[in-house]
Structure formats: C-alpha cells, structure tokens
Amino acid sequence: MRVLQQIHSYILTRALPFSTLCFSLSKILSFCAISPVGNILYAERLLFQIPNPNIFSWNSVIRGFSQSHISATTQSVSIFKRLIRRGHPNPNTYTLVFVLKTCSILPAIQEGQQVHARVIRSGFSTNSFLQSSLVNFYAKCEDIKCARKVFDEIPDRNMIAWSTMIGGYAKLDMFNEALALFGEMQKAGVVPDELTMASVVSACAGLGALDTGRWVHAYIKKQRILIDIKLNTALINMYAKCGCIEKAREVFDEMPTRDSRTWSSMIVGYAVHGHADDALSVFAGMEKSQVKPNNVAFLGVLLACAHGQLVYEGQKHWDILLESGIQPSMEHYSCMVDLFCRANLFQEAYTFIKNMPIDPDPVILRTFLVACKKNKNMEKGESTGQQLLKLEPSNPENYALLSSLYASCSSWSKMGNVRKQMRDKGLKTTPGCSSIEVEGTLHEFVLGDWSHPEREEIMEVLSDVLRRVTAFGHKVDVSEVCHDVGDEVKVEALCEHSERLAIAYGILKTKAPAVIRVVKNLRVCGDCHEVTKIISKIYEREIVVRDRVRFHRFVGGICSCKDIW
DNA sequence: GGGATGTGAC
C-alpha cells in the first residue's frame, strides 16, 4: 500500500499526460480497492482526483466497496448512483455485476430492481454473469418467485445459474424445491460443483432425509467432487440432523482441517442428541487446536449442559464465554435459563433472569413459566404469564402454558378464564408431531389424533413400554394436559408425547437389531434421550430421536420439562 | 484489466 502511494505521488510530481495518468491511476485503484476499508477510501479519493475516470476505475471502487466490511457496503451503491448521475462513462456488465452483488448483500431491493431494468435496457440480458447475479439478487431479497422467473427465462443455464437457484431455495427453507431442482439439473446433464452440493446437502439436512442425504454423499464421492471444509461441515450437519451422529463424527474425524463452523456443527450435533459429555470434549478439543470458539460453539456447549443437567459445567462455560469477549446473545441467556430450569434450580433461574442486562424474550419467559408450573409458584408464574400475553397476545402457546400453571395450582376459574380468552380470540395450539420412516413410508403421529389404522397395536406396545420402563427403575412422571370438552373444562392426566407414539410404532414394526429414527417437530427434552437409552436396551433396538425445533422457534421452552415418559 | 453459486443456531 505504501509503495502504491509513493508511485501515486511520483505520477503527480512528474505531471504525466492525462491519458497515462488515468491508466496508471486505474491500475493503482484496482490494487487499492481490495479490503481493508482504509485502502478503499484511499481508492475512492483517487477516483475523484482523475479528471475523466474510465469505467475500469469506477468498477474497481464499486467492487472494492462491495467486498469490504459490511458497514462500507452502501458506499458501493452510492458511487454507482454518482456514476449514473454523471452520465458517462456508461456502466458495463462488470459494473452491474458488482452493484447487484452489493444489492444482494445489503439487501437493497429497489436499487437492485433498477439495475435489473438497466440490464434489459442495455441489452445485457444474455450475459450469463448478469443472469446468475440477478437470480442471486432476487433470492437473497427473499423474492424467490422473481428469482425463479429470471432463472426460467435463461435459455442456456450454466452450472452457476443452477447452483444459485438451488442455493436460493435451500436458504429459504424450501428444501423440497431445492432437491427437485437438483434433480432437474441432473436431467439437464449439468455437472454440479462443491458449492451446489453444499446447498443440496443442507436441503437434505433440513428435511431430515437421511436416505437422500446418504445417496448425495455417495454421489459426491462418485463424481469426485472436491469435498472442502464447507461441504464437509454441511455433511456433518446433515448426518447430525438426520439422527446419524456417529456418521457425523466419522466425517468430522476424517477432516484434515476444521474451522470454527466445523467444530460448532459437531458440538451442536452432540448437544441436540443429548450427548453432553461428547459435546464438552469436542469443545475442549476446539480450544486445544486453537480454533477460537464462536458464538454458536458456546451456544452448543450451553445447550448440551442444559440437556445433560450439567449445571457446574454450564456455569463454567458461561464464565469462559464472558471472558472470551463475545457478547452473549438472547439465545445464550436462553440456554442458561433452560439449564437452571431443567435442573430445577428455580431461584437461580429467577435471579439470572432478573440480572440480565437485556429484557428477556418470550422464549426465556416460557421456559421460566414451565418451571413456575412445576414448582407450583403461582405468584411468579402469573406475572410471567401476564408479561407473555402482553408481549405476544396472539401466540396460543402462551395461553396454554398460563392455563396449565393455573391447573397445577388448582385455580380452575382462572384457568377457565384464560381458556376462554384463547377461544374468543380464535387461537388454537399446534399439537406435537413426530414422524418415523418404516420401509420407505413416512408415518406421522400428531398428538391427539388417533386415526392411525394400527392404533390398538400401538397402544399395546405403549403400555408395555411404560410398564417395562417403570420396572427398569425409571421414575415415570405424568404431565397434566388440559382438555376442552365442549364448554366444560376438564383436566385429564395424560402422558402423551408424539415421539413416544412414533417409537412404539417403530418397535411394533421392526425386529431387533433395527435402528429406529424418529424426527420430532418440537424440542426434544434432555430426559427423553436418557429414557430412550433404556428402551433401546430393553427392546434391543437402537433408537435415535432428533428434533426439528428450528422450524418451530415459537414454541421454545414448552418442552422444558423432565416428564417426557 | 475486473465478474455470478455453498456450510453452524436456543
């Protein structure tokens, strides 16, 4: 940089002709216009010293700002606007690609749309770089329909265009669409690269589609597609999300180098599988290999401690988090509250929430409300519940939780009141739902829906499971679930959880030593894993329960109870 | 002379 500045002053002092000056300065510009921000600011100053900067000079600065730190990105668009106002030189395809990139990062929807119009007006519509850039821009702005429209209008789509569209779907949780398009890409005979495959693997993870995921992994190997850190990380995540934590570990172990995302994926994978000790040892390994733990790694380790009821370890890692200089997010606070609540440290949870520097969000309040219910603490529970109803008056889970608090304290009239409020507002809770794949067919179990053709047999297995688990010495806790029967409000002691139905079905349908994989659409409790281990011993089946809480964030905290069985 | 696509989360 210093050398470049010297060359710059040399050019100025020699009073070289304008044309030479412009050309030399644009060379300097292209070098300067690479991060960090300081260089780009220098490049920008240079740009406006040139009497008639050519398009290359403009492009260098626009590109430089689009690749720089996020805070300087808007500068990229404003320099483009300045170029347009001047009226000369005319932006070329490179200019528009750089601006579209910026618009997709910000995102700047209106500006991007104007660039799109300019692409058409300038007759650049057939430029493949601009086509992909436009698809990417609309996908990043979450206007997936527009992205698809641009994509469909490309006559000869190259690999990047396919890859961009597939990635766009995957980012927006449209996993089925992503996989379907990948199928079409193969039909079209276009060979994907490792970036395409990362999106495809991530789509399999999102769907919990283990069979497809395995096939995709084999395909990557067969096609000799480069498996880099990012693709490996996506594979770890996919296997972990599909309930195959051992395979996730295998991929992890075989990696030559790992970055912070790789480590945190493995930690989170163990955490959600209830393998608290493994999560802790991977975290320790991360520190040892001198990869700085990021916020997700801490999130994973705290989640693992909460699930495994490792209060001491959780608090220890909370202190490490504070020392690391990472600003704890709401999610980190949420994990700590969950940690105390699951361990039944009611007072600690209360004090922790009170001392938080930010106001607790609804997830934390729900977690605490469940703890209030368990401790039959009417006073704190009622105020927490009211706080929740104020914050989220349209979330049925809040009403359900408050009413079950009243039920636990036998305040039937108050409970009826809350239920009535809920009815008057037309709110209904989403029932828990779990699914299991048996011989290629997906069976879904929705709580309260007993229309399954084999319900009698499932019930038989279920009572057998309950009897044998109790005999094994595990304390079977029965949760109270409120049921509306017409106008009459009745409390029934039920102990229904949808993953139990799915597991029972798995036991009914398989013979030892089958692997039973269940995907639950709500958060799985830590205790569930413990009891699942017992069942798998009794029935000689390997049972894996994975949750998909990512898609149901709004119910966070609702399963924060120990009484899964 | 410079350009488009990907991974983790309560």
Side-chain angles (χ1 to χ4, degrees), chain A residues 23 26-27 29-31 33-34 54-64 66-67 92-101 104 127-137 139-140 158-168 170-171 178 192-203 205 226-238 240-241 258-269 271-272 294-300 302-304 306-307 329-339 361 363-364 366-367 523 547 549-550 552-553 555-557 559-560:
Chain A
F23 186 74
S26 42
K27 281 277 182 198
L29 272 173
S30 68
F31 279 112
I34 304 168
N54 61 13
I55 192 62
F56 180 72
S57 305
W58 284 94
N59 287 354
S60 299
V61 178
I62 292 171
R63 181 190 52 150
S66 86
Q67 289 171 348
N92 62 13
T93 53
Y94 290 86
T95 327
L96 302 179
V97 164
F98 299 142
V99 178
L100 276 174
K101 174 99 178 179
S104 64
N127 180 287
S128 66
F129 288 89
L130 275 169
Q131 288 164 342
S132 301
S133 298
L134 281 167
V135 173
N136 181 51
F137 159 71
K140 292 276 153 66
N158 64 10
M159 188 269 286
I160 306 288
W162 285 98
S163 189
T164 308
M165 194 65 229
I166 293 170
K171 258 272 149 60
D193 69 352
E194 68 273 20
L195 280 77
T196 322
M197 295 322 289
S199 299
V200 173
V201 170
S202 152
L226 175 81
I227 308 185
D228 61 5
I229 286 196
K230 290 177 180 177
L231 184 49
N232 261 325
T233 304
L235 284 167
I236 292 172
N237 179 43
M238 183 272 287
K241 280 218 177 97
R258 308 178 185 100
D259 63 7
S260 59
R261 280 183 174 227
T262 319
W263 287 95
S264 49
S265 293
M266 198 64 241
I267 295 167
V268 172
V272 295
N294 57 8
N295 55 343
V296 182
F298 277 108
L299 207 57
L302 294 178
L303 181 67
H307 278 184
S329 67
M330 191 64 85
E331 288 77 16
H332 293 106
Y333 286 107
S334 182
C335 279
M336 286 307 281
V337 173
D338 204 22
L339 174 82
D361 74 341
V363 177
I364 293 180
R366 275 192 287 273
T367 307
R523 192 194 298 185
D547 64 26
V549 70
R550 199 157 95 80
H552 293 266
R553 288 178 188 201
V555 291
C559 274
S560 232

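No experiment lies behind these values; they were computed from the predicted model shown. Protein chains get the first letters and strands the later ones, always in sequence-line order, with residue 1 at the start of each. Values reported hereafter were calculated over all heavy atoms of this structure, with side chains retained and with hydrogens, waters and symmetry mates removed.
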Give the C-alpha distance, both sets of side-chain angles, the deciding distance and a yes or no for side chain to side chain contact (heavy atoms under 4.5 Å, CB included) between I236(A) and T262(A). CA-CA 8 Å; I236(A) 292 172; T262(A) 319; 3.7 Å; yes
Presence of donor-acceptor pair under 3.5 Å, side chain of T93(A) and base of dG3(B): yes
Between A198(A) and A234(A), the two heavy atoms sitting closest are O-CB, 4.1 Å
Touch class at under 4.0 angstrom, heavy-atom based, for D361(A) against every strand present: nothing
Tell me the interatomic distance from R366(A), atom CZ, to dC10(B), atom P, rounded to whole angstroms. 14 Å
Whole angstrom is fine here: how far is it from NZ in K101(A) over to C1' in dT5(B)? 8 Å
Quick one: which of N158(A), N136(A), T196(A) gives a side chain to side chain donor-acceptor pair (under 3.5 Å) with S163(A)? T196(A)
Run the side chain to side chain contact (heavy atoms under 4.5 Å, CB included) test on S202(A) and N237(A) for me, step by step, so that the C-alpha distance in whole Å, both residues' side-chain angles and the decisive distance to 0.1 Å come before the verdict. CA-CA 8 Å; S202(A) 152; N237(A) 179 43; 5.6 Å; no
Rounded to the Å, how far apart are H307(A) NE2 and dA9(B) P? 14 Å
Of the candidates dG3(B), dG1(B), dA9(B), the side chain of F56(A) sits closest to dG1(B)
Starting at atom CE of M197(A), determine the distance to atom P of dT7(B), rounded to an integer number of angstrom. 14 Å
Per atom distances to the M159(A) side chain, the nearest of dA9(B), dT5(B), dA4(B) is dT5(B)
Describe the nucleic acid contact of N158(A) in one word from base, sugar-phosphate, nothing, applying a heavy-atom distance below 4.0 Å. base
Just to be sure I understand the rule, does I267(A) reach a base, reach only the sugar-phosphate, or reach nothing, if contact means heavy atoms closer than 4.0 Å? nothing
Would you check if S133(A) and F137(A) make a side-chain contact, meaning some heavy-atom pair closer than 4.5 Å? no
Going by ring centres under 5.5 Å and near-parallel planes (under 30°), is F129(A) stacked on dA4(B)? no
For the residue pair H332(A) and L299(A), establish whether any side-chain heavy-atom pair is separated by less than 4.5 Å. yes
Describe the nucleic acid contact of S132(A) in one word from base, sugar-phosphate, nothing, applying a heavy-atom distance below 4.0 Å. base
Check every atom of dA4(B), dG3(B), dG6(B) against the side chain of I160(A) and return the nucleotide holding the closest atom. dA4(B)
I62(A) atom CD1 is separated from dG3(B) atom P, nearest whole Å, by 15 Å
Shortest side-chain distance from V97(A), nucleotide among dA4(B), dT5(B), dT7(B): dA4(B)
Using a cut-off of 4.0 Å on non-hydrogen atoms, how would the nucleic acid contact of S128(A) be classed: base, sugar-phosphate, or nothing? base
Any donor-acceptor pair under 3.5 Å between the side chain of S163(A) and the base of dT5(B)? yes
Base, sugar-phosphate alone, or nothing: which one does V296(A) contact when heavy atoms must sit under 4.0 Å apart? base
Report yes if a side-chain nitrogen or oxygen of N237(A) is closer than 4.0 Å to either non-bridging phosphate oxygen (OP1 or OP2) of dA9(B); otherwise report no. yes
Side-chain atoms of N127(A) come closest, of dG1(B), dG3(B), dT5(B), to dG3(B)
Between the base of dA4(B) and the side chain of S133(A), is there a donor-acceptor distance below 3.5 Å? no
So does D193(A) reach the base of dG6(B) with its side chain, donor to acceptor, closer than 3.5 Å? no
Classify T95(A) by what it touches in the nucleic acid, base, sugar-phosphate, or nothing, heavy-atom distance under 4.0 Å. nothing
Tell me the interatomic distance from Y333(A), atom OH, to dA9(B), atom C1', rounded to whole angstroms. 17 Å
Side chain of K171(A): nearest nucleotide among dA4(B), dC10(B), dG6(B)? dG6(B)
Phosphate contact (dT5(B) OP1 or OP2) by N136(A) side-chain N/O below 4.0 Å: yes
Please confirm whether the shortest side-chain N or O distance from K140(A) to OP1 or OP2 of dG6(B) is below 4.0 Å. yes
I want to verify a distance call: between dC10(B), dG6(B), dA4(B), whose nearest atom is closest to the V272(A) side chain? dC10(B)
Closest nucleotide among dT7(B), dA9(B), dG6(B) to the S202(A) side chain: dT7(B)
Counting any heavy atom closer than 4.0 Å, what does Q131(A) reach on the DNA or RNA strands: base, sugar-phosphate only, or nothing? nothing
What I'd like to find out is whether the side chain of T93(A) reaches to under 4.5 Å of the side chain of L96(A), using heavy atoms alone. no
Given atom CZ of R261(A) and atom P of dA9(B), what is their separation to the nearest angstrom? 10 Å
Length of the CE-P vector between M165(A) and dG6(B), whole Å: 13 Å
